[in-house]
Amino acid sequence: MIGKPESLRDAYGEELTRIGDADRDVVVLDADLSSSTKTSIFGKKFPERFFNMGISEQSMVATAAGLALSGKKVYASTFAVFLMRAYEQLRQSVCYNNVNAKFVVTHSGITVGEDGATHQIVEDVGIMSGLPNMSVIVPVDAPETRSVIRHLHDSTSTPFYVRLTREKFPVLNDADYEFKVGKSVTYRDGSDMSIIASGSMVSFSLEAAEQLKGKGIDARVINMSSIKPMDRDAVLKAARETGRIVTAEEHSIYNGLGSRVAEITSETYPVGVSRIGMRDTFGKSGRSWDLFDYFHMGVSDIVRISEEAFRKESSYENIS
Amino acid sequence: MDSSRLSDAKIREKAKQIRLKSIEMVYTAKSGHPGGSLSIADVLATLYFREMKIDPANPVDPDRDMLVMSKGHASPALYATLSLRGYFPETLLPGFRKLPSKLEGHVHYGVPGVEASTGSLGQGLGIAVGMALASKLDGRKNRIYAIIGDGEIQEGSIWESFMAGSKYRLDNLTVFLDKNGVQLDGFTDDIMPMPMIPERVRSFGWNVVEIDGHSIPEISSSISKARECKDKPTLIYAKTVKGKGVSYMENNPKYHGNAPETEELYNQAIKELSTQ
């Protein structure tokens, strides 16, 4: 089930080039990070439709809006943390005008690793989810990244925020997997409890579920890559059928996947929801995969918190 | 010369109507931005009634000229211009800033003739750069216009877009800078002194033309110069008077964002504008 790691950003750059080959209206912008975000793959093939705006994110986002208002299908990339500088351009020029522009960012979360806290953004999903008209997608692996880019190009004309990473992630999907906005995928069925996860935390959750099985706990694992809109039906089904939910995300427990799952359940079918993620803190320099243990988000943490959740005696302290 | 070309006197009459409508809208709404609407009325009248290739009956023609009002608080002047030009009935103007009108307090995409929502300063120039790039990619001959404020250029994003306009040699892009010298809190020279604006923009690789922003012939000739300039975008540095045409509003920061407070002041404004 858990395959070899593959790069999500390579998958993005390659898929972008494929859709750009078939559709002359596809244009791409970057802010001096194209060799890292992999939009350079597109830029080399279609230099006339590739705009390197320099280290000027505000200009990049406003220009993206202008290109889209003139009918172009726009993809703009930089590191997740730097796109946030242009929040207000995203709010007014992109979302209020409701244009066909996709912001595909890389180097999100703590898997940025050694570059440290300044570059490890863990609040972006919340910031972007708050914007009217903006949808937010966190692909889990390279095949899903390719499918997301294809699907957004073929079937959508509104703004999207697609959150990719620096690190390679294990492949969990088949090459012919088809992503749909607002739909989740259940990778492992289970009846005792559900782990709803996104991004890097999905493969960790699958490992945790295997360990939980050894402890007699049958855990469902759901990949919730579509954060906004979210698959309400899958969340409520998990609540009704398993009674207990753990969420796991490489993001703050505020305003991300965990918050949204808790909102959906508490409004309709209240069950206990335990959130795993960054607990109102900045990141830290270190090897990517070591940081998950450092911030209590590793496989052993998922196992421990899931056990507590299952026994309905959560001791996982709240910090609000 | 095009026989349908309006005379300077007729353009001046349109500018007068734009000013009158702007004051009516702001007074009816009891809020809004009269000062920067009055300062830009002559530029808007010249663009929409003489220079821009547009067809109000087909506002989405891909070959149309496009204008982004980056200083989106000048919505009264732009809405008045668009309605006078025939994009929508003048009877809709009194809905400005009120439910359920589309005439939002700041320029709103969705109002016929409006090309982009604006209001937060420093963004419209970037949008215009994107439109100019799209035009070039498609090989269209249309012209892209933007209007920015002299307070607005305190936003760093404006200078990012100046860089981009120059890098991509956007000679299809013409930007008017409404140099009226006043912003919300006071005079631009006090809030954030920025001498030598033409030199600064020229040093960013732009063609810069300096004009009296209330002279119809100068506005028209500056647009011609912009059309003739190759490989560079043009900034038209238009020296204007904030609140132009209403004596108590002229050069008065109070009327950047305040409606006439009394019926007496409103009547005075209408009287002064009507007799010009």
Side-chain angles (χ1 to χ4, degrees), chain A residues 20 23-32 42-43 46-76 78 82-83 85-101 103 131-133 158-159, chain B residues 60-68 70 72 104 106-111 114-140 142 144-146 148 152 155-170 172-173 204:
Chain A
D23 185 346
R24 306 291 295 174
D25 278 335
V26 171
V27 299
V28 178
L29 299 92
D30 206 299
D32 190 45
F42 180 97
F46 305 109
E48 75 288 355
R49 286 190 273 144
F50 175 74
F51 305 104
N52 196 327
M53 304 300 288
I55 310 168
S56 309
E57 293 78 14
Q58 298 176 77
S59 162
M60 177 179 79
V61 174
T63 302
L67 280 157
L69 281 163
S70 284
K72 296 297 168 191
K73 297 166 188 169
V74 185
Y75 294 77
T78 177
F82 304 135
L83 189 72
R85 178 191 296 256
Y87 171 76
E88 216 203 345
Q89 277 81 6
L90 288 163
R91 179 178 184 274
Q92 308 217 16
S93 293
V94 172
C95 289
Y96 188 50
N97 286 316
N98 202 16
V99 296
N100 188 2
F103 296 86
L131 287 169
N133 293 336
T158 53
Chain B
V60 293
D61 178 356
D63 291 319
R64 73 191 182 280
D65 289 350
M66 301 168 86
L67 180 139
V68 181
S70 192
E104 280 277 314
H106 289 78
V107 169
H108 178 67
Y109 185 50
V111 173
V114 168
E115 300 288 2
S117 289
T118 50
S120 168
L121 297 174
Q123 303 191 21
L125 181 55
I127 293 175
V129 164
M131 290 172 170
L133 284 171
S135 246
K136 291 236 168 206
L137 278 176
D138 292 344
R140 280 181 273 130
N142 62 338
I144 311 297
Y145 294 95
I148 61 177
E152 181 177 16
E155 293 279 9
S157 54
I158 287 286
W159 299 87
E160 292 184 4
S161 296
F162 279 145
M163 288 192 286
S166 160
K167 174 183 175 183
Y168 291 106
R169 302 179 177 201
L170 298 177
N172 54 349
L173 173 63
F204 272 62

| If you measure from OG1 on Thr63(A) to CG on Leu125(B), what distance do you get to the nearest 0.5 Å? | 8.0 Å
| task | For each of Ala134(B), Gly156(B), Ser135(B), Gly130(B), tally heavy-atom pairs with chain A at distances under 4.5 Å, and name the one with the top tally. | result | Gly130(B)
| task | Name the region of Ala116(B), side chain, backbone, both or neither, that has any atom closer than 4.5 Å to a heavy atom of chain A. | result | both
| query | Nearest heavy-atom pair of Phe50(A) and Tyr168(B): which atoms, and what distance? | reply | O-OH, 4.4 Å
| What is the minimum heavy-atom distance between Glu88(A) and Gln123(B), and which atoms define it? | O-NE2, 3.3 Å
| Option that, when pairs with chain B are counted at under 4.5 Å, heavy atom only, ranks first among Ala68(A), Gly66(A), Ala64(A), Ala65(A) | Gly66(A)
| query | Under a 4.5 Å heavy-atom cut-off, does chain A meet the side chain of Leu133(B), its backbone, both or neither? | reply | both
| Gap separating the CD atom of Glu160(B) from the CE atom of Met53(A), nearest 0.5 angstrom | 8.5 Å
| Distance in Å, Ser59(A) OG paired with Ile127(B) CD1, rounded so as to fall on 0.5 Å steps | 11.5 Å
| query | Within the distance-only criterion (no hydrogens, no angle test), does the side chain of Lys167(B) pair as donor or acceptor with the backbone N or O of Asn52(A) below 3.5 angstrom? | reply | yes
| field | Side chain, backbone, both or neither of Glu155(B) within contact of chain A (heavy atoms, under 4.5 Å) | value | neither
| Around atom CZ of Arg64(B), are there more than 12 heavy atoms of other residues, nucleotides or ligands at under 6.0 Å? | yes
| task | With side chain to side chain contact (heavy atoms under 4.5 Å, CB included) as the test, would you mind laying out the steps for Ser117(B) and Gln92(A) before giving the verdict? | result | CA-CA 7 Å; Ser117(B) 289; Gln92(A) 308 217 16; over 6 Å; no
| Hey, what do you get for CG (Leu137(B)) to NZ (Lys72(A)), rounding to the nearest 0.5 Å? | 5.0 Å
| said: Please evaluate residues Leu69(A) and Tyr109(B) with respect to the criterion side chain to side chain contact (heavy atoms under 4.5 Å, CB included), reporting the C-alpha separation (whole Å), side-chain torsions for both, the decisive distance (0.1 Å), and the verdict. | reply: CA-CA 10 Å; Leu69(A) 281 163; Tyr109(B) 185 50; 3.5 Å; yes
| request: List the atom of Arg140(B), the atom of Ser70(A), and the distance in Å for their closest heavy-atom pair. | output: NH2-O, 4.0 Å
| Nearest-0.5 Å distance, OG of residue Ser120(B) to CZ of residue Arg91(A) | 8.5 Å
| task | Could you please spell out the steps behind the side chain to side chain contact (heavy atoms under 4.5 Å, CB included) verdict for His108(B) and Tyr96(A)? | result | CA-CA 9 Å; His108(B) 178 67; Tyr96(A) 188 50; 2.7 Å; yes
| query | Where does Val27(A) contact chain B at under 4.5 Å (heavy atoms): side chain, backbone, both or neither? | reply | side chain
